[in-house]
Amino acid sequence: MTEPLAPQYDPKTVEAPLYRWWQDRHLFTPRGDRSPYVIMMPPPNVTAQLHMGHGLNLSVQDVMIRFERMRGRDALWMPGTDHAGIATQNVVEKLLAKEGKTRFDLGREAFIQRVEAFVAETGSTILEQIRSLGASCDWEHTYYTLSPELSAAVREVFVSLYEKGLIYRGKYIINWCPRCLTALSNEEAEKEEVDGQIWRLRYPLADGSGQIIVATTRPETMLGDTAVAVHPDDERYAGLVGKMIRLPVVDRLVPIVADAAVDPAFGTGAVKLTPAHDPLDFEIASRHGLPAIDVMTPDARINEAGPERFQGLDRFDARKRVVAEFEAAGLLDKVEPHRHAVGHCYRCDTVVEPRLSDQWFVKMAPLAKPALEAYRDGTLNFVPERRGTEYALWMENIRDWCISRQIWWGHRIPVWYCDNGSCGAMTASRVDLTSCPSCGGAVRQDEDVLDTWFSSQLVPFTSLGWPDDDGSLSRFYPGHALVTAPEILFFWVARMIMSGLEFKGQVPFTTIYLHGTVRDTQHRKMSKSLGNGIDPLDVVEQYGADALRFTVIAGLAVGTDVILDPDDLESSFSTGRNFANKLWNVGRFILSNLDGEVRPIGSSAANAVIRDELSVADRWILARAEATIREATDGYERLRLNDAANAVYRFLWNDLADWYLEAIKPRLYGDQPGGDVARAVAVRVFDQALRLLHPVMPFITETLWQRLPGRTDGESLMVAAWPVPDPADADSVALSEFGAAQDVITAIRSIRAEYQVPPGQTVRAALTRCGPVVTAAFQSLGPMMHRLAKASEITLAGEDAGNGAAAAHAVLTDGSSVTVPLGDLVDTAKECARLGQEAARLTQAIVTLEQKLGNEQFVSRAPAAVVQKEREKLASWQDQRAVLDDKRTRLGCPS
RNA sequence: GGGCGGUUAGCUCAGUUGGUUAGAGCGCUACGUUGACAUCGUAGAGGUCACAAGUUCGAAUCUUGUACCGCCCACCA
C-alpha cells in the first residue's frame, strides 16, 4: 500500500475489493466480548431490486451501526429477506400469464415449486446489491422469513396465540382484493380520496303508501340489500319502521328497521342495508337478525344471488345497469358528486370490495395494551417525536387483525379440520397432523396462508433462533434501533413491538427512527410506474457509494423527505463525489509530504511534539478538530446525521484544506522551521477527521486511514477507536487570533479582486487602529498573512498610517482598518461609492441599535448581559464607521 | 370530517431554550493552470424569513387567523 495515489479518486478500484477485505476479516460480525448494539434490517422483499428508498434506509442504518461499532459496541446489523406473500405470488402469476396459464392450472404444489425456483434464481440479487452500498451488515447471520427455522417459529407463535384465545376464526366483513383474490388487513387496504358520486334512490313501500329515499355510493350493492334502516328518534320515519319495502330491480320485500347507528343528519337519514358488503350494515343487520346476501364472486362479478340478467357482470358495469334501471323506472331521485375515501389494494391498487368472509383474526386489544404503555412510559423513543403520537393513536383504536390470505405463497395456517362429520374438531398444531387428535379420523389442513407481516413481525427474535437460544437470543435481544420509512409503521414496527412484548416480555428496540421518503423535484414519491426513480447502482457506478451516502445523509434532516432530481444525477451527487475527491487530495498532500517518522503529540516525551512547539496555526487546527469531534459525535448520538456529516465536511474542506494546509506549506517545504511539528499536527487532525467521517464515507476513509503512518498491517478503521475530544486542544485564544488573520487576509483579497490586481502582483497593506486580537494575529501569523494575501509588505501602523488618497480600504468587525495603497489602480469615485455603501449600511444598523439602547424599556427589562453585549456591538460599529468616515474624508468623497 | 407537519437565496435545506448586519451546498457572475485537488482556488451578486393581526423592550423563532403543499387517521351510507 505504498504506491503513489492518483490525482483523482476512483471509487471503482477501491470499493469492491475493500468490501471483500472487510468481509474476509469478519469485521461485520460481532466479536462477542463487548456490550451489544443491534439494528434489525427491514427485510426487503425477496424478489425486490434495490431502489433509492433502500439506498436511503441502508445508508442511515450503516452510519448508525458503524458509529456504534467504532464506539466499542458489539454491533450487530442483521440482514434478511421477506418472502412477501402477495407481492411475490403476483410476480410469478404474471410470468405464468405470459405462458397463458394461471396458478390453478398448475395446482398448489407445482405453483409453490415454481415460486421457489423463481426466488432461488432472483432471491439473492437484492442482498448482493446491498453490499455495493458498503452496508456493514452481518452476512454470517441472515434470515429469510420462509426458512424452515423461521417457519417453525411462526407455527409456535400461531399455536401459542391460538391456545391463549388470541387467534380466532370468524365470519366478518373484510377487505377483499378482487384481483389478488384474497382478504387483506385494514392496513393493506389503503384509503385514497376519490371523486365519486352519490346516488339517491327511491325505494317504494310494499303497500304502495309511499317511498323512502336512500343514498349510496355503491348502487350495485342494492342487489344484496336486506333492509332499510333509520334512526329510532327520527320523526320523519317514525311511522314507517316495521313496514316493508319492495326492492326495485330484485323485486324483494325487505323491512324498515330502526337503529341508533344511523346518522339522521346525513343524506335522507335512511340507509339501505347490505350486510354482506358493508361493515356498518353488517353490524346493524346482526343486531336485527337480518340475513346477509353476498352478491359477488371472488373477482367481483355479480353471482347467482343477483338477478339472472346481472350475473357475470363486473361490479362497475352492474352499478351502471342498476342506476339505469332505477332511472328507467323513475326511481332515481338525483345524483351528486361526492368525494370520499375508497380502499385500494396496497399491492395492485385495485378498489377493495368489503365482503363477508370466513377468516382468521388476531385479537389485538390485549397485545396493544403493553405496547401503548411502552410508549407512554417513555420506553419507546420515536425520531421524529411526532411519529409517536401516530403510533399511540393507532394503538388506542386498534382493530383485530385479519391474518388469513387466500393465496398459496406463504406460511400455511397450521390448523387441521376433522373430516369426520360427527367430530368436526379444529386443531391448531405445531407439527403436521395426519389424523384427528380427537377421533383419529382423516384431517385436512386449512387452505389459507398467513399474512406476510405475521412472520416479519417476529424477526427481532425469530432471526436469533427463537424459540431456541444458542446464546445469540439472550445476547442480542432486545436490540436497540429500528430504522425505516414511516409507511410501514403499522404494518411492521408496531406489530414487532407487540409480538416482542408478548413473546419476549421486552420491546425489541427502543429507538425508532422513521426517515423520510425519497422524492423527485416535484415531490412525487419515486416509483417504477412513474419512471422517476433513481437506480442506486447507477449512482454507485458513476459517483461511488461514498458519494451516494454522503449526499443522502448530508441532505437528510430529521423527519424530512429527501429530494433528488432523477434527470440530473450530477447536481444531486456531485457534492459527494467532489468531497470524496477533495478528501483524497488532502490525504495525498499530507502523505506525500511525510518523510520518515512522524512524531506523536504528547506532553513531554523526548521525541514527541510538545505544546510549547505548536504555532498558533497548529493550535488553531487542533482546536477546530476538537470542536468538530464534539459536534460530530453529538450529531451522531442525536441521530442528526446531517449535522454530523456537515460538521466534518466543513472541518476538512474549509478549515483543514483551505487554511491549515495552506498555512503550513512553507514549513513542509523547509522554507520555515517546524515542519515536523506541522506534519504531526496534520496527521493527527486528519486521522481524527477520517474516523469521524468513516460512518458516512467508509470506503475512502478506510483507504486513506490505512496509509497514515504508524498503522500496522491489517489494522482497520472500521473497528478503530472513536475520537475523544482532548481538552488540551481547545484553545479559544488560537481560535480568535487565527480568525483575525483570516479576516485580514480576506479583506486584502477582497480589495485585490475589486480592483482586479493581477494575481501575480504583490500589494502592500497597512493595518491601523488595530484591536488587541488583530495585533496579536499580526505578530504571530504575519508571514502567513503576507503569503496568503500576496502582500510584499504588511505594516502595523499607528493612527496615521500613510493611507493617502490612492488607497483602498476595508474595516474589520472590531474596527481594525486595512489599507491597501494601489496607486493608479484606485478609482477614487469607485472607492468612495464602495465605502459609502458600507458606511450607509453601518449607519442604518447603528441607528437601529441606538434606538434600542435608548429605549428605557429595553435597558431595564432585557437581561444585563444582553444589554452589555449590545453596547459593545454599538461601540464596535461606531468605531468601524469612524474609520470609514475618516477614509472617505481623506479621499475627498462627497458626503 | 378529525389530528399533525411544512412554507427562509433560482434549487435543496440549516437556523437547538425569542436578542446575528439571517447561513450552507448546488447553481449564477468575475478573475485565476500558485509545486494536493479545475471533481480546484479567490472574490462577488442574490432573501421585506408565505400572508395578516397579536404578545414582547425585542419575533424567522411565541399566539391566533388566512392561503398553499404534504402526512396520518376516519363504518356520514
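Letters A, B, ... mirror the listed sequences (proteins, then strands); counts begin at 1.
- Checking the phosphate oxygens (OP1, OP2) of B/rC40, a side-chain nitrogen or oxygen of A/Asn578 falls inside 4.0 Å.
- B/rG18 is unpaired under the criterion used here, namely a Watson-Crick or G-U wobble arrangement in which both key atom distances are under 3.5 Å.
- In this structure, B/rU48 forms no base pair with any nucleotide, since neither Watson-Crick nor G-U wobble geometry is met with both distances under 3.5 Å.
- In this structure, A/Lys869 does not reach the B/rG19 phosphate: none of its side-chain N or O atoms is under 4.0 Å from OP1 or OP2.
- The partner of B/rC62 is B/rG54, judged by Watson-Crick or G-U wobble contacts that both fall below 3.5 Å.
- The nucleotide B/rG27 finds no pairing partner, because no Watson-Crick or G-U wobble arrangement with both distances shorter than 3.5 Å includes it.
- With respect to the salt-bridge test (charged N to carboxylate O, under 4.0 angstrom), the residues A/Asp643 and A/Arg638 do not qualify.
- In this structure, the side chains of A/Leu708 and A/Leu690 come closer than 4.5 Å at one or more pairs of heavy atoms.
- For B/rC76, the OP1/OP2 oxygens have no side-chain nitrogen or oxygen of A/His338 closer than 4.0 Å.
- In this structure, A/His231 reaches neither bases nor backbone, as no heavy-atom distance under 4.0 Å exists between it and the strands shown.
- The side-chain heavy atoms of A/Glu353 and A/Arg218, taken from C-beta on, include a pair separated by under 4.5 Å.
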Could you go over nucleotides 8-17 of chain B and give all protein N or O partners under 3.5 Å, atom names and distances?
residue: B/rG15; atom: OP1; partner: A/Arg640; partner atom: NH2; Å: 2.5

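- One can find a donor-acceptor pair under 3.5 Å joining the base of B/rU21 and the side-chain atoms of A/Trp877.
- We find that A/Glu187 and A/Arg399 are not joined by a salt bridge, their nearest charged nitrogen and carboxylate oxygen being 4.0 Å or further apart.
- Salt-bridge check for A/Glu283 with A/Arg287: passed, with a basic side-chain N closer than 4.0 Å to an acidic carboxylate O.
- Classified by interplanar angle (parallel below 30°, tilted 30° to 60°, perpendicular above 60°), the ring pair A/Phe550/A/Phe579 is tilted.
- A cation-pi arrangement is not found for A/Lys582 relative to A/Tyr649, the charged atom failing to lie both closer than 6.0 Å to the ring centre and inside a 45° cone about the ring normal.
- Residue-level contact check: A/Phe490 touches the backbone only, with heavy atoms under 4.0 Å from sugar-phosphate atoms and none from bases.
- Residues A/Asp400 and A/Tyr172 have side chains that never bring a donor and an acceptor to within less than 3.5 angstrom of each other.
- The side chain to side chain donor-acceptor pair (under 3.5 Å) with A/Lys272 is formed by just one residue from the set A/Thr221, A/Thr226, A/Asp281; it is A/Thr221.
- Base pairing annotation: B/rC76 forms no Watson-Crick or G-U wobble pair, as no partner gives both donor-acceptor distances under 3.5 Å.
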Please produce a list of atom pairs where a protein N or O lies less than 3.5 Å from an N or O of nucleotides 34-36 of chain B.
residue: B/rA36; atom: OP1; partner: A/Tyr669; partner atom: OH; Å: 3.3
residue: B/rA36; atom: OP2; partner: A/Tyr669; partner atom: OH; Å: 2.9
residue: B/rA36; atom: O3'; partner: A/Arg588; partner atom: NH2; Å: 3.0
residue: B/rA36; atom: O2'; partner: A/Asn585; partner atom: OD1; Å: 2.4
residue: B/rA36; atom: O2'; partner: A/Arg588; partner atom: NE; Å: 3.2
residue: B/rA36; atom: O2'; partner: A/Arg588; partner atom: NH2; Å: 2.7
residue: B/rA36; atom: N7; partner: A/Lys665; partner atom: NZ; Å: 3.4
residue: B/rA36; atom: N6; partner: A/Ala657; partner atom: O; Å: 3.3
residue: B/rA36; atom: N6; partner: A/Glu662; partner atom: OE2; Å: 2.9
residue: B/rA36; atom: N3; partner: A/Asn585; partner atom: O; Å: 3.2

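- Proximity of A/Arg871 to the phosphate of B/rG19: no side-chain N or O atom is located under 4.0 Å from OP1 or OP2.
- In this structure, B/rA67 forms a base pair with B/rU7, meeting either the Watson-Crick or the G-U wobble geometry with both donor-acceptor distances under 3.5 Å.
- A/Tyr391 and A/Phe382 have tilted rings, their planes meeting at an angle from 30° to 60° on a 0 to 90° scale.
- Atoms CD1 (A/Ile745) and P (B/rA43) sit 10 Å apart, rounded to a whole Å.
- Panel note: side chain A/Asp195, backbone A/Arg339; no donor-acceptor pair is recorded below 3.5 Å.
- Salt bridge absent: A/Arg881 and A/Glu838 never bring a charged side-chain N and a carboxylate O closer than 4.0 Å.
- Across the strands present, B/rA36 finds no partner; the criterion is a Watson-Crick or G-U wobble pair with both atom distances under 3.5 angstrom.
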Nucleotides 58-64 of chain B: which of its N/O atoms have a protein N/O under 3.5 Å away?
none

